[in-house]
Structure formats: structure tokens, C-alpha cells
2 protein chains.
Amino acid sequence: MEAMRAVVFDAYGTLFDVQDAVAAVCDRRFPGYGKALGELWRRKQLEYTWLCSLMGQYRDFWRLTEDALAYALKALGLNAAPDARRELLEAYRTPPPYPEVSRALEAMVGKTLAILSNGTAEMLRAAVANAGLAGRFAAVISADEARVYKPHPDVYARVLTRLGVAKEDVLFVTANAWDAAGAKQFGFRVCWLNRFGMPFDEGLAVPDRVVERLDQLF
Amino acid sequence: MEAMRAVVFDAYGTLFDVQDAVAAVCDRRFPGYGKALGELWRRKQLEYTWLCSLMGQYRDFWRLTEDALAYALKALGLNAAPDARRELLEAYRTPPPYPEVSRALEAMVGKTLAILSNGTAEMLRAAVANAGLAGRFAAVISADEARVYKPHPDVYARVLTRLGVAKEDVLFVTANAWDAAGAKQFGFRVCWLNRFGMPFDEGLAVPDRVVERLDQLF
């Protein structure tokens, strides 16, 4: 792992907290429903990326995030006024970084760092700036460029084009098990960030390494 | 709808009950965990179909059903002996038909009836025979033939090849909202069977009609 030239991070769940932070906003707006709303919203958001990709119908991640929120609210029987909806969506535009992120990135000086995420360029720019991480990354790459979502290989291939590196040069780091499997299948070296002590998915390509926090990486 | 030449049904959730019936088996083996295990199992089973399809890694639905069960048991901290695992899987091989299925199919005499499902040919044969529906269908079509899963268009295209019909001739009936969207996107007339009064998915192609039970179709 030490020798890898480029370290490429997933964004949501990996660098940025879209679990506790989003649940907190949801709970403030809909007391008692924070966890359920946050989880269903995230689950539908991912489902929509996979379904749209399989149907060959690309719509950007901001749109899918709005749609997934609309579905989750309906399914839970919750009514959200426009300002509540905006505040909830804002939690996905500027999610806080996990506490160890800045320190962990500092320890990687000398390596080419990048982000590869389903998020739109605008969402990622906002999240990186909000977290005080502007300038830390050689490239912030959106699945938008491929017009299909992870784990489709075309998304991972954007890293090679944008960074001018070979697959063997890349260590890909993600907290999403399915993303780790997709990146491994594509040919990257992969570290799965298992923040919550979950089992890895069955039958999918297995990552090279597992850590619990980003500062355990190097 | 009356004029459609062929009526093609999804299997799991549409003709066959894989919700209450699977939950009941799960609950007998793991009292108090039936609903949670049944839901997580089904959710991971679907996720694996989408993820494998996007990664270009085909593995048949029986394998994915086994893998999804293994994941769900681990995630819930449950230990299943081999005989318990076999009994749980058997619930997916021979799920009971919904009560109105046989009566509803009888009312469609004169139309070409078929099944299009993610299930393997063996799983579908077992479920159809167990439900006493053998001989009712002109074709039982498995996604296995396309080596990719719904909602990829190649799966829906198998209907045209196998039945020798045009898209415009087909009414596709499914209880899965994402399947209804995929079939509509492909070009079929679609009826969504909304058995549980759920909201339809946001932003996906909208079905032509919604019913609550199959005997409301004609």
C-alpha cells in the first residue's frame, strides 16, 4: 500500500458523514423519524443510481437525491414544507467530514490524492469547501462525467483518464462495500473502510485491506 | 388493456408470496427476527442482482439468493445450521401463490400468458408446479437467458424473442415498482400491482395502470 502513487477516495460515507449528520437534521425536522428517514433516503438514493444505470437513463445525483427524499417522505407519511426540504437537501450538499479526515490526508503528503464520487461536481465542490479541504485533491471526479453510476466500470475508468495513471498505481478507498467490490473488480487495489463493523457483502470481489478509520491507512 | 395479446407476469411478489411466507419461515427458525431477516434477505438479493449486473459479473439467482441469506444472517448476528439454511432457501423455491392468482389467470383465457423473472429456470419450474399452475403459461422466461438482471433492457427483450410478439402486444404485470419502471422504459404496456399501498418510485417511468390485486386486471 505504501508504494501506491495515487490514493482515490469515495466521498459520501467515506470522507463525509451522511449518516449521523443527515439523521440529525432529519430528526430535528421530524422528531423520532431521523434514523428511519435518513436510512430510507440513503437507500433509495443508491437504488435510483443502480436502477437508472441499468435502464440506461442517466439523471444527475442531485436530482436522484431530491427524488429519493421525496419518496422517503411519502413512504413514511411525512409532509415537508419547501424550507424543510431545502434544509434536508443541504445536509447532502455540505455534510461534515469525519473527524480524522484532515489529519489522515496530511499523512499522505507526496501522493496524488483524488475523489471519485457519484455526486455532481457542484455537490462535491460544496462538500470539499465546507470541510476546509479545498486544494488537497489533484482531482475531484464525478460519475457525471461517465453518465452512469458506480459500480459500472466506466466510472472507475475516469480516474485513469483524469489522473493519467495505470490501474496498478491506484489505491481506492471507500466505506461502501459494494463500491469496494466494484473498484476491485475494475482492477484497483482497494481498501474498505469498515467504519461500523459490518459484514462484507457475500460473493462480490473482496478488497485487499480493511481499516476502521482513515488514519489507519498509512 | 383488453386488447393486449400477451400478458407477462413477474414472479416473486407478483404471483408468489415471498414476503409473508418467507417471513413466517424466518420467524419459525428465528423467533422475533422473521420480519427483519425476511426484509434484509430480499433487499440484499435485489441489490446483488443490480450490483452484479452493473459490474458485468453474472451469477445466477439461486446463488445470489444464497449469498443474500448468508449476508442477512451475519448482519443480524444469527447462526443458521445447514438444515435451517435449507429450509429458509426452500421458501424461495416453493413460495405459495397469492390467493387470487389461479382465479385471475382463468379469467385471461384466450390470451398468451407468460412469466418473466430473475429466478432461474429451476426455481421458476418448482414454484409454478408447487402452486398448481403448470400448463398455464406459454413460456416461463428466466433472466438467466440474458445473463443480466432486470431492469436491464436485454431481460425484457427475451419476451419478444420467446413469444414472437412485438412490444406493443405485451402487457407486463409486476408488483415491483422498479420492475414496472424498467418494463415501461423498455416499451411494454405496464400494470403495477400495488399490493401494499406503497408510493411509486420518484422520477422513474410511470406505469399505465395500477391495481391492488391480480383479479382486478380484466
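Order of the sequence lines fixes the chain letters, A, B, ..., with proteins taken first and strands second; residue numbering starts at 1 for each chain. Since the structure is predicted, the reported quantities are computational estimates derived from the model, not experimental observations.
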Gap separating the CG atom of A/Leu51 from the CG atom of B/Leu54, nearest 0.5 angstrom
9.0 Å
Neighbour count above 12 (heavy atom, 6.0 Å) for A/Glu212 CD:
no
More than 12 heavy atoms of other residues, nucleotides or ligands under 6.0 Å from CD of A/Glu122: is that the case?
yes
Within a strict 4.5 Å, meaning less than it, do heavy atoms of the A/Met55 and B/Phe186 side chains meet?
no
Can you say whether A/Ala181 sits under 4.5 Å from chain B via the side chain, the backbone, both, or neither, judging by heavy atoms?
both
Is any side-chain N of the basic residue among B/Glu202 and A/Lys44 closer than 4.0 Å to the acidic one's carboxylate O?
no
Flag yes if more than 12 heavy atoms outside B/Asp83 fall under 6.0 Å of its CG atom; otherwise flag no.
yes
B/Asp201 versus A/Tyr71, side-chain donor and acceptor atoms under 3.5 Å
no
Who in residues 146-164 of chain A is close to chain B, using a strict under-4.5 Å heavy-atom cut-off?
A/Lys150, A/Pro151, A/His152, A/Pro153
What do you reckon, is OH of A/Tyr58 surrounded by more than 12 foreign heavy atoms closer than 6.0 Å?
yes
Of the listed A/Lys74, A/Arg63, A/Met198, the one with the largest count of heavy-atom pairs under 4.5 Å with chain B is A/Lys74
Assess whether atom CZ of B/Phe200 is packed by more than 12 heavy atoms of other residues, nucleotides or ligands within 6.0 Å.
yes
